[in-house]
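In what follows, chains are A, B, ... by sequence order, proteins preceding strands, each numbered from 1. Note that the coordinates shown come from a computational prediction; the quantities given were computed from them, not determined experimentally.
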Number of protein chains: 2
Amino acid sequence: MSSHPHNTPCELCSSRKFSLFSDLPEAQICNISDHKNLISHRKGQILYYEGTKPLGIFCINSGVVKIYKTASNGKEQIIHLAQRGDFLGYAALLGEENYSNSAMILEDAKICFVPKEVFINSLLHNPQFFRRVAKSLSHEIGVMEGKLTDATQKSIRERLAYVLLQLGNSYGVEGGGNQKIDLILSREEIAGIVGTATESVIRLLSEFKKDNLIELEGKKIIIKDRRGLARLSDFYA
Amino acid sequence: MSSHPHNTPCELCSSRKFSLFSDLPEAQICNISDHKNLISHRKGQILYYEGTKPLGIFCINSGVVKIYKTASNGKEQIIHLAQRGDFLGYAALLGEENYSNSAMILEDAKICFVPKEVFINSLLHNPQFFRRVAKSLSHEIGVMEGKLTDATQKSIRERLAYVLLQLGNSYGVEGGGNQKIDLILSREEIAGIVGTATESVIRLLSEFKKDNLIELEGKKIIIKDRRGLARLSDFYA
DNA sequence: AAAAAAAGGTGATATATATCATATAAATAA
DNA sequence: TTATTTATATGATATATATCACCTTTTTTT
């Protein structure tokens with residue numbers, strides 16, 4: 001019987017079913033569990049910086065992490081928001097490159113760290129797992145292609161509307177026929193997701209509010225008219 | 001001894017050393033060679049369309065292929081230009097998704113097709129090869145993150161200057177202290193790479209020419225001042 | 001609680017670039 | 001060759017959005 005010095009063992013981890021570890025055989029889960037390290041992080045903390053060398057992967061147990069790049073003008077482009085079950089840093093690890101982005105905690109998080117060798121060994125000893133990871137990498141490429149195309153071909157208004165819909169999908173809480181985005185983001189961060197200036201986000205949000213598409217409740221945004229936003233976003237699905 | 005019905009066997013393929021197949025063991029190379037299919041393609045032909053199902057991977061022996069997405073406004077966003085040694089379609093295959101982009105021949109090409117099962121089997125039977133492929137996928141993600149950040153944070157002028165430098169790196173032929181981009185691209189295609197309107201590319205190229213950064217020789221662009229373009233592109237390296 | 005800092009908000013303004021129109025040049029077809 | 005289509009070029013114009021300035025509100029620090 002293996003010992004599990006670092007809090008909850010992976011075998012019992014509630015976020016595992018959302019992760020790439022979900023259908024790993026028991027033996028390998030235990031092995032990873034033995035070598036992992038669970039750390040609590042507070043909002044604002046940096047998990048890793050762009051340009052530094054990855055020493056393992058992170059697996060999010062709870063909380064939200066923003067993955068971003070700092071452009072030459074100093075602004076942040078947020079690549080995506082990661083949450084429960086998401087892996088971080090495995091692309092850099094597998095790419096044998098330094099981190100291509102930085103990661104900062106957006107909502108207090110518990111995150112496991114799995115050292116490089118342990119992770120790589122699981123891949124090499126379990127082709128099905130490796131394939132699952134490759135599938136995830138591949139999927140990510142398609143997502144990025146879409147983001148690039150949107151960035152060059154859509155207006156800021158369209159992109160903001162679309163970002164709100166996505167945030168609703170990921171962090172939405174239904175209530176009163178509306179959907180509240182249950183995640184605190186500054187206007188600057190929303191601008192970083194959309195890829196625009198903070199003032200533009202503020203102005204457009206006011207406009208959306210005036211047009212009864214959204215409502216502002218403190219820092220949180222409530223989506224009142226999903227179809228309206230979808231129409232605005234030029235996203236028909 | 002295995003038979004090689006489809007032209008040059010991979011063992012003797014001159015473009016292999018540039019590809020992910022470069023350090024595959026002899027036995028596996030031969031196996032792939034037995035199942036591959038070499039096809040010649042003319043400029044303008046479509047290799048595959050976005051949204052269709054991948055049945056294998058393509059390996060470019062010669063020629064140039066543009067990989068692009070068609071935006072909702074009908075414009076093409078060119079994701080990248082692929083050339084000798086590049087693999088196409090393996091992300092969709094590994095992602096178990098339909099193609100996220102389309103591929104069109106830009107310069108007459110010879111391209112091998114390797115059926116899905118043959119490719120997947122080589123991966124599963126050779127973890128080192130799998131790792132190499134995963135490395136390539138991972139690298140691609142980092143590249144896309146950079147492109148996204150550039151698209152949202154840099155001006156068209158900066159991006160065009162940078163694209164010209166890149167085209168020079170990939171397709172440049174030195175001569176008379178200058179560098180000729182030896183690839184025929186329409187202004188519309190350059191616009192598709194940069195992510196802008198055709199007229200903007202035409203105007204900016206005229207400007208660059210006036211500023212003695214480039215020269216136009218028929219359809220081809222000659223780079224006269226790399227440092228000048230680098231300065232303009234906000235890319236210091 | 002007071003002070004300081006950070007975030008949110010709004011107006012004024014500048015400007016890069018998209019769009020539309022039209023002309024010329026080049027490539028392709030008849 | 002001539003005709004037709006396509007690509008390149010340039011001007012005029014509109015406009016979305018970045019930038020700057022300033023104010024208010026909220027949050028954090030002391």
Gap between atom CG of A/Leu205 and atom CG of A/Leu160 - 0.5 Å precision: 5.0 Å
ring-ring contact (aromatic ring centres under 6.0 Å, His included), paired with B/Phe87, selected from B/Phe21, B/Phe18, B/Phe113: B/Phe21
Touch class at under 4.0 angstrom, heavy-atom based, for B/Ile202 against every strand present: base
Partner residues of A/Tyr99 under the ring pair (Phe, Tyr, Trp, His ring centres under 6.0 Å) criterion, sequence neighbours left out: A/Tyr48
Residues touching DNA chain D, which here means a heavy atom under 4.0 Å, drawn from residues 63-74 of chain A: none
Gap between atoms CD1 and P, on A/Ile190 and C/dG8 respectively (whole Å): 8 Å
First encountered from the 5' end of DNA chain D, between A/Glu199 and B/Ser186: B/Ser186
The helix from C/dA1-D/dT30 to C/dA30-D/dT1: angle between end helix axes, five pairs per end, rounded to 10 degrees: 50°
Span of DNA chain D in contact with chain B (heavy atoms, under 4.0 Å): D/dA7 to D/dA12
Rounded distance in Å - NZ (B/Lys220) to P (C/dA26): 17 Å
NZ/NE/NH1/NH2 to OD/OE distance under 4.0 Å, B/Arg157 and B/Glu207: yes
Spacing of B/Glu217 atom CD relative to C/dA25 atom C1', expressed in whole Å: 17 Å
Minimum-distance pair of heavy atoms, taken over all atoms of B/Gly195 and B/Ile156: O-CD1, 3.9 Å
Crowding at NZ, B/Lys209 (>12 non-hydrogen neighbours, <6.0 Å): no
Can you give the donor-acceptor pairs under 3.5 Å from side chains of residues 140-150 of chain A to other protein atoms, not counting sequence neighbours?
residue	atom	partner	partner atom	Å
A/Glu145	OE1	B/Ser100	OG	2.5
A/Glu145	OE1	B/Asn101	ND2	3.1
A/Glu145	OE2	B/Asn101	ND2	3.0
A/Lys147	NZ	A/Ile79	O	2.5
A/Thr149	OG1	A/Glu145	O	2.9

A/Gln166 atom CD, neighbour heavy-atom count above 12 within 6.0 Å: yes
Carboxylate-amine/guanidinium proximity below 4.0 Å for A/Lys69 and A/Glu50: yes
Nearest heavy atoms of A/Gln77 and A/Ile193, plus distance in Å: NE2-O, 3.4 Å
Within 45° cone of B/Tyr162 ring axis and under 6.0 Å: B/Lys154 NZ or CZ: yes
Which residue lies more 5' along DNA chain D, comparing A/Lys219 with A/Thr198 via nearest heavy atoms: A/Thr198
Test: B/Lys66 cationic atom under 6.0 Å from B/Tyr68 six-membered ring centre, within 45° of axis: yes
Lys/Arg-Asp/Glu bridge criterion (N-O < 4.0 Å) met for B/Arg42, B/Asp108: yes
Contact list for DNA chain D against residues 203-213 of chain B - heavy-atom distance below 4.0 Å: B/Arg203, B/Ser206
